[in-house]
Amino acid sequence: MKYIQLILSALATNCYIVPVGEPTDFNTSMTDENGNTTVQVVQRRPAAVIDPADDAEEILSEAAAAGMQIKYILLTHGHFDHTGAASAVKAKTGAEIYIHSQDKAMLTDSVTSLAFFTPERPFVPCTADHLLSGGESLHIGDLTFTVLHTPGHTAGSVCFLCGDPDGGKKLMFAGDTLFKDSVGRSDVYSSDRSAQQDSLDKLAALTDDYIVLPGHGDSTTLSAEKRYNPFLAGL
């Protein structure tokens, strides 16, 4: 699968743009300096953006350059460095936002979302369109994302699991649940170290291997983390 990875925000958050279907017609409009608007029909693949951390213009520009149109916004959790551009992307594309119900309040609260960590950037609240509870299968375009509730970093942290239609290894969009050789912190609002360990045990129990695409840092595989990650392997 030819997804796009962008590194955005002051905290170097990984944002992923994932094609979810075959090319289809989309209307685009352009306004010239005289205020005249023209509408063009272009073919683009519908796409989901996972954790639009910051800079909506860059996200949309990269998607357009790859022939994609963002129609869905999937949030692994509610921290500001994963949601910073969600409002602007939604406003510009009409994309619908998915987040776990227990992190819903973070979308409108600069304190619980930790947005106060970067006071130089304005906090822009947004509204979720779909609240997740875990265990759902999201049929988005031609892909199915399984929602795995993995509380610990936040109460509503999730991993999005999906197959690769091109025949590659399955993908795990892990947010801040699992990193290469590490895990997300568990000392902020709604964190729970005990719940985090339960979530890691849940990941360790998965029988399939996955390419793990984390919220920060390098990608890895679940099999490698089971062997070498001290938080997952119990070393």
Side-chain angles (χ1 to χ4, degrees), residues 1-9 11-18 20 48-53 74-79 81-83 98-100 102-103 114 132-138 140 143-235:
M1 180 192 303
K2 294 184 178 179
Y3 60 84
I4 297 171
Q5 177 184 351
L6 304 174
I7 302 176
L8 305 171
S9 90
L11 298 186
T13 304
N14 291 326
C15 166
Y16 302 96
I17 305 172
V18 182
V20 298
V49 59
I50 299 173
D51 289 353
L74 306 183
L75 302 177
T76 62
H77 62 292
H79 284 158
D81 59 315
H82 292 255
T83 68
Y98 295 72
I99 193 171
H100 194 278
Q102 289 183 264
D103 277 11
L114 308 185
L132 307 172
S133 59
E136 298 94 335
S137 293
L138 304 180
I140 293 179
L143 293 186
T144 298
F145 291 86
T146 299
V147 182
L148 189 64
H149 185 206
T150 53
H153 179 62
T154 67
S157 287
V158 302
C159 295
F160 294 107
L161 312 180
C162 75
D164 186 341
D166 297 328
K169 192 173 291 186
K170 295 180 179 180
L171 305 178
M172 175 188 294
F173 296 93
D176 288 0
T177 295
L178 181 65
F179 301 141
K180 185 179 186 297
D181 301 326
S182 191
V183 296
R185 61 191 296 177
S186 58
D187 61 347
V188 292
Y189 173 80
S190 86
S191 293
D192 185 322
R193 184 66 189 90
S194 177
Q196 183 180 48
Q197 188 56 58
D198 290 342
S199 294
L200 295 174
D201 292 344
K202 186 186 300 184
L203 295 185
L206 293 174
T207 56
D208 291 335
D209 198 10
Y210 291 85
I211 296 174
V212 178
L213 301 170
H216 303 272
D218 296 334
S219 63
T220 182
T221 63
L222 184 59
S223 58
E225 297 313 298
K226 287 181 181 182
R227 292 183 64 186
Y228 302 118
N229 188 324
F231 297 93
L232 199 65
L235 300 177

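Note that the structure is a prediction, hence the values are computed from the model and not measured.
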Does [Y] offer a backbone N or O that forms a donor-acceptor pair with the side chain of [X] under 3.5 Å?
X	Y	result
D103	G156	yes
S186	S191	no
Y16	G215	no

Nearest atoms (heavy-atom pairs only) where [X] meets [Y]:
X	Y	result
S137	T144	CB-CG2, 3.9 Å
D81	S9	CB-OG, 4.0 Å
Q197	F231	NE2-O, 3.8 Å
A155	S190	N-OG, 3.0 Å
A53	C15	N-CB, 4.4 Å
V212	P214	O-CD, 3.3 Å

Determine whether Y210 and L178 satisfy the following criterion, side-chain contact (heavy atoms from CB on, under 4.5 Å), listing intermediate values before the conclusion.
CA-CA 12 Å; Y210 291 85; L178 181 65; over 6 Å; no

Quick check for you: to the nearest 0.5 Å, what is the distance between [X] atom [atom1] and [Y] atom [atom2]?
X	Y	atom1	atom2	value
D181	N229	CG	CG	6.0 Å
L6	N14	CG	CG	9.0 Å
L206	M172	CG	CE	5.5 Å
K202	T177	NZ	OG1	9.5 Å
L213	C162	CG	SG	8.5 Å
H149	E136	NE2	CD	10.0 Å

Is the closest side-chain heavy-atom distance between [X] and [Y] below 4.5 Å?
X	Y	value
H100	T154	no
I140	L74	yes
I50	Y3	no
E225	K180	yes
L132	L138	yes
V49	I17	yes
L75	D51	yes

*asked:* Would L222 and L232 count as a side-chain contact (heavy atoms from CB on, under 4.5 Å) here? Give the steps.
replied: CA-CA 10 Å; L222 184 59; L232 199 65; 4.0 Å; yes

Checking H79, H153, H82 against H216 for ring pair (Phe, Tyr, Trp, His ring centres under 6.0 Å), the one that qualifies is H82

Would F173 and F145 count as a side-chain contact (heavy atoms from CB on, under 4.5 Å) here? Give the steps. CA-CA 10 Å; F173 296 93; F145 291 86; 4.1 Å; yes

- Does a side-chain N-to-carboxylate-O contact under 4.0 Å join K170 and D208? yes

* Take V158 and L148 through the side-chain contact (heavy atoms from CB on, under 4.5 Å) test and state the conclusion after the steps. => CA-CA 5 Å; V158 302; L148 189 64; over 6 Å; no

Evaluate D209 against S223 for side chain to side chain donor-acceptor pair (under 3.5 Å), listing each step before the verdict. CA-CA 6 Å; D209 198 10; S223 58; 2.9 Å; yes

